[in-house]
2 protein chains.
Amino acid sequence: MKSLSIKDIALKANVSITTVSFIINGKAKEKSISEAVIKKVEKIIIESGYKPNQIARSLRTGNSNIIGLIVEDISNSFFSKVARLIEDKAYKKGYKIIYSSTENSVEKAKELINMFKSRKVDAYIISPVAGIEDDIKLLLNDNKPVILFDRNLPGVDTNYVGANHFTATYQSIESFIKEGKKNIALVTTDVSVQQIIERFDGYKQALTDFKLPYNENLVLKIPFGQAEEETISNIKELFKNNKIDAVLFATNYLAISGLKAVKQINKTIGKDLSVIAYDDHEAFELHTPLISAVQQPLEEIAETVIKLILNQLSSKTKLANQQVIIPAKLISRN
Amino acid sequence: MKSLSIKDIALKANVSITTVSFIINGKAKEKSISEAVIKKVEKIIIESGYKPNQIARSLRTGNSNIIGLIVEDISNSFFSKVARLIEDKAYKKGYKIIYSSTENSVEKAKELINMFKSRKVDAYIISPVAGIEDDIKLLLNDNKPVILFDRNLPGVDTNYVGANHFTATYQSIESFIKEGKKNIALVTTDVSVQQIIERFDGYKQALTDFKLPYNENLVLKIPFGQAEEETISNIKELFKNNKIDAVLFATNYLAISGLKAVKQINKTIGKDLSVIAYDDHEAFELHTPLISAVQQPLEEIAETVIKLILNQLSSKTKLANQQVIIPAKLISRN
DNA sequence: TTGATCTGATAAATCGTTTTATCAAAACCA
DNA sequence: TGGTTTTGATAAAACGATTTATCAGATCAA
């Protein structure tokens with residue numbers, strides 16, 4: 001059951017391999033192949049169901065029509081939704097996406113980059129972890145388009161698409177304060193990636209601007225990858241040990257654990273406790289009461305990422321790097 | 001910035017390309033290469049950071065160490081979670097996964113299979129749509145391992161891993177009946193894939209066995225891919241036009257839409273309306289009241305899929321096809 | 001001593017494309 | 001007419017690995 005090669009087609013059509021190749025690649029006109037030959041070869045290709053071997057093609061041309069997408073965790077709904085949108089849009093332009101999760105491990109991220117590199121992907125979309133700056137610089141030296149998204153990597157000069165995490169966080173805290181809240185907690189993760197830091201900074205800045213004291217006991221940093229039960233018990237501790245009347249969760253999975261924690265202790269969300277989650281989730285629209293959330297414009301992020309990539313892939317000259325900051329918006333569900 | 005090739009390494013080490021290749025592939029002993037040469041070449045490889053070009057390797061060997069995973073929709077949490085588990089497990093065995101979504105389109109599914117085929121993936125994990133039977137048979141003829149999961153394809157003789165949808169549905173309906181419910185609705189989709197049909201059959205069989213009439217007005221089939229607002233309004237209609245005291249949602253996203261619908265009309269889940277969702281979701285654990293759900297054992301499914309694949313990849317002879325049915329369990333959260 | 005086996009290594013074919021260089025014949029031009 | 005350009009097509013090199021066949025010299029067995 002060997003699959004057909006261009007050679008078989010050439011044989012059947014009684015022309016050379018070169019001719020077939022030109023026809024396949026739409027260079028027939030340019031290379032002045034006669035109409036009759038084009039027709040004949042095309043007919044044979046269709047009838048035989050011949051599909052060019054992409055591996056051989058990639059080996060020769062050095063590109064693959066594949067874009068590599070590296071995210072933190074494909075099972076997180078934020079990433080899976082963005083991935084799906086990116087996939088759709090890329091697909092329409094003839095590009096395929098292959099994705100993989102880093103789980104925030106520097107080592108795995110490096111391995112993935114190497115894997116993609118040895119597969120000759122044409123471009124990279126990366127939600128990076130700190131520590132892979134040099135690997136990314138290598139890609140850039142290699143003239144491969146690299147778009148960072150969701151979080152930037154200070155020290156790497158490339159394209160970035162992300163939401164305005166600082167402002168969105170600031171506004172969330174501001175809204176708590178305007179409700180009259182005074183003891184505002186932040187539940188975040190311990191990974192030091194830029195978007196998490198920005199969220200932390202937005203929190204602190206809002207407190208300062210509105211003349212509330214910053215109390216580090218109200219900031220809980222959950223280790224990334226920690227089992228959920230432990231996270232829930234950490235959060236219960238937080239509430240037990242402190243007087244808290246509002247809480248911002250810096251990621252949607254933390255908010256989910258947090259809501260479970262709140263359920264287990266005797267707190268009711270509403271008057272005595274306000275909650276905002278960062279990154280929306282179906283659960284928040286269904287929760288009783290509804291949970292407010294900071295919503296990143298997924299569609300717009302995906303669209304921008306793809307646009308930047310395609311621009312670069314189609315331009316022969318190196319384009320100026322762009323930093324696209326897209327506003328995130330607080331969806332108040334009170 | 002050309003990347004290094006095996007030729008460069010051979011040159012530097014002053015040996016032949018063949019020798020380097022043997023060393024890279026661990027055949028040095030077998031091919032009786034001297035210890036000294038092995039050491040020298042390995043040193044150069046490490047120092048130079050040489051990584052073999054996988055494309056060239058694939059072209060020559062015909063395989064890729066890549067497994068293709070085709071799901072219905074990667075942004076559905078059931079699939080993204082299974083995908084992530086499969087990815088982890090495959091990764092540990094040196095295989096990479098590339099995934100893509102079919103969106104239940106026959107055409108897109110065929111295209112994806114072709115894309116994977118022309119990339120020479122070593123094996124296929126597919127959550128199929130009806131209509132791609134012939135394409136799958138071609139893969140099998142080609143001696144590529146194919147594992148169907150989540151839903152089987154009658155008429156294709158290959159491996160299958162999935163939950164016992166019939167029994168789980170039957171038990172769900174049975175539990176409604178034991179609560180004393182008499183007007184039990186089913187909200188499902190219009191796609192005629194096996195797992196959906198099984199769920200439907202389980203529903204009907206349970207009604208029959210417990211001597212309840214089957215009323216087709218109580219079965220709502222939502223077109224796949226329909227906008228959520230419309231789904232919600234369909235479900236509201238269902239409740240408006242019928243006396244319903246229990247409802248089984250055949251997928252988690254339908255359950256989410258359904259819960260939103262219930263929220264909008266004046267129904268309260270509890271005494272007057274019981275709800276079970278098929279496939280669990282974070283939202284159900286947080287909902288007030290808690291929502292019961294049929295939980296598929298994701299970990300076990302992923303584990304079994306990978307095991308079947310690896311067995312086949314490592315065995316030279318064709319193994320007998322296996323149909324692994326894993327029990328799904330009803331998590332009662334009342 | 002001679003033929004056989006082992007040791008250590010390599011040259012060259014191969015995988016299936018794309019692309020460059022080349023060529024013969026026809027058409028054009030002055 | 002003879003030189004130049006166009007037309008229509010091809011042969012062969014290249015991409016970067018793996019693998020088969022081959023080889024010279026050393027060792028061994030009888």
Side-chain angles (χ1 to χ4, degrees), chain A residues 1-42 45 48-66 114-115 117-122 142, chain B residues 1-42 45 48-66 114 117-120 122 142:
Chain A
M1 261 320 120
K2 291 281 319 100
S3 63
L4 293 170
S5 78
I6 197 172
K7 201 168 161 187
D8 300 314
I9 303 297
L11 228 55
K12 266 189 220 179
N14 208 24
V15 296
S16 74
I17 290 180
T18 313
T19 302
V20 177
S21 175
F22 285 153
I23 293 173
I24 291 172
N25 293 291
K27 298 196 180 158
K29 289 270 146 51
E30 176 190 337
K31 298 290 180 176
S32 59
I33 307 283
S34 71
E35 206 49 50
V37 172
I38 297 180
K39 279 274 173 321
K40 176 173 64 172
V41 172
E42 278 176 347
I45 289 177
S48 64
Y50 164 73
K51 294 271 183 299
N53 178 323
Q54 298 296 337
I55 303 256
R57 198 173 245 186
S58 287
L59 177 59
R60 180 59 232 238
T61 63
N63 52 41
S64 58
N65 274 4
I66 290 185
N114 276 329
M115 158 194 165
K117 200 162 29 170
S118 62
R119 302 263 167 218
K120 303 290 179 221
V121 308
D122 294 351
D142 215 21
Chain B
M1 258 323 121
K2 291 285 316 104
S3 65
L4 292 170
S5 78
I6 196 172
K7 200 170 161 186
D8 300 314
I9 303 298
L11 230 56
K12 265 189 220 179
N14 209 22
V15 296
S16 75
I17 289 180
T18 312
T19 302
V20 178
S21 174
F22 284 154
I23 292 173
I24 290 172
N25 293 289
K27 299 196 179 157
K29 289 271 148 47
E30 175 189 337
K31 298 289 177 176
S32 59
I33 308 283
S34 70
E35 205 50 52
V37 171
I38 297 180
K39 280 273 172 322
K40 177 172 64 170
V41 172
E42 277 176 347
I45 289 178
S48 64
Y50 164 73
K51 294 270 183 301
N53 179 323
Q54 299 296 337
I55 303 254
R57 202 173 241 189
S58 287
L59 177 59
R60 179 61 232 240
T61 62
N63 53 41
S64 58
N65 274 4
I66 290 185
N114 276 329
K117 202 165 20 172
S118 61
R119 301 264 166 219
K120 304 289 179 220
D122 294 352
D142 214 22

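Below, each value reflects all heavy atoms present in this structure, side chains not excepted, and no hydrogens, waters or symmetry copies. Throughout, a chain's letter reflects where its sequence line sits, starting with A, and its residues are numbered from 1.
Of all heavy-atom pairs between B/N53 and A/S118, the closest is OD1-O, 4.0 Å. Here the shortest heavy-atom pairing between B/I17 and B/A10 reads N-CB, 3.8 Å. Closest approach of B/V15 and B/K40 over heavy atoms only: CG1-NZ, 4.2 Å. Across every non-hydrogen atom of A/S3 and B/K120, the tightest pair is OG-NZ, 3.9 Å. Closest approach of A/S58 to A/S64, counting heavy atoms only: OG-CA, 3.6 Å.
Using a 4.0 Å heavy-atom distance criterion, A/K27 is classed as a sugar-phosphate-only contact. Within 4.0 Å of B/T61, counting heavy atoms only, lie sugar-phosphate atoms of the nucleic acid but no base atom.
Regarding contacts with the backbone of C/dT18, a side-chain N or O of A/N25 is found under 4.0 angstrom from either OP1 or OP2. Contact annotation: A/Y50 does not reach the phosphate of C/dG16 (side-chain N/O to OP1 or OP2, under 4.0 Å). Taking side-chain N and O atoms only, B/S21 has a distance below 4.0 Å to OP1 or OP2 of D/dT18.
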With a 3.5 Å cut-off and sequence neighbours excluded, list the donor-acceptor pairs that the side chains of residues 23-38 of chain A form with protein atoms.
unit_1 : atom_1 : unit_2 : atom_2 : d
A/N25  : ND2    : A/S21  : O      : 2.8
A/N25  : ND2    : A/S21  : OG     : 3.4
A/S34  : OG     : A/V37  : N      : 3.4

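Whole-Å rounding puts the A/E30 CD to C/dT19 P distance at 10 Å. D/dA17 atom C1' lies 13 Å from atom CD1 of B/I45, rounded to whole Å. Rounding to whole angstrom units, CD1 of residue A/I38 and P of D/dG8 are separated by 10 Å. Across the protein-nucleic acid pair, A/N63 atom CG and C/dT18 atom P stand 11 Å apart, rounded to whole Å. B/I23 places its CD1 atom 14 Å from the P atom of D/dA17, with the value rounded to the nearest Å. Rounded to whole Å, atom P of D/dG16 lies 20 Å from atom NZ of B/K120. What separates CD1 of A/I6 from C1' of D/dA14 is a distance of 15 Å, to the nearest Å. Atom-to-atom, CZ of B/R57 to P of C/dT17 comes out at 22 Å; the value is rounded to the nearest Å.
Shown here are the side chain to side chain contact (heavy atoms under 4.5 Å, CB included) partners of A/T61, two or more places apart in sequence or in another chain: A/N63.
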Sugar-phosphate means primed atoms, P, OP1 and OP2; the rest is base. With that split, encode nucleotides 4-13 of chain C 5' to 3' as B, S or - using protein heavy atoms under 4.0 Å. ---SBSBBBB
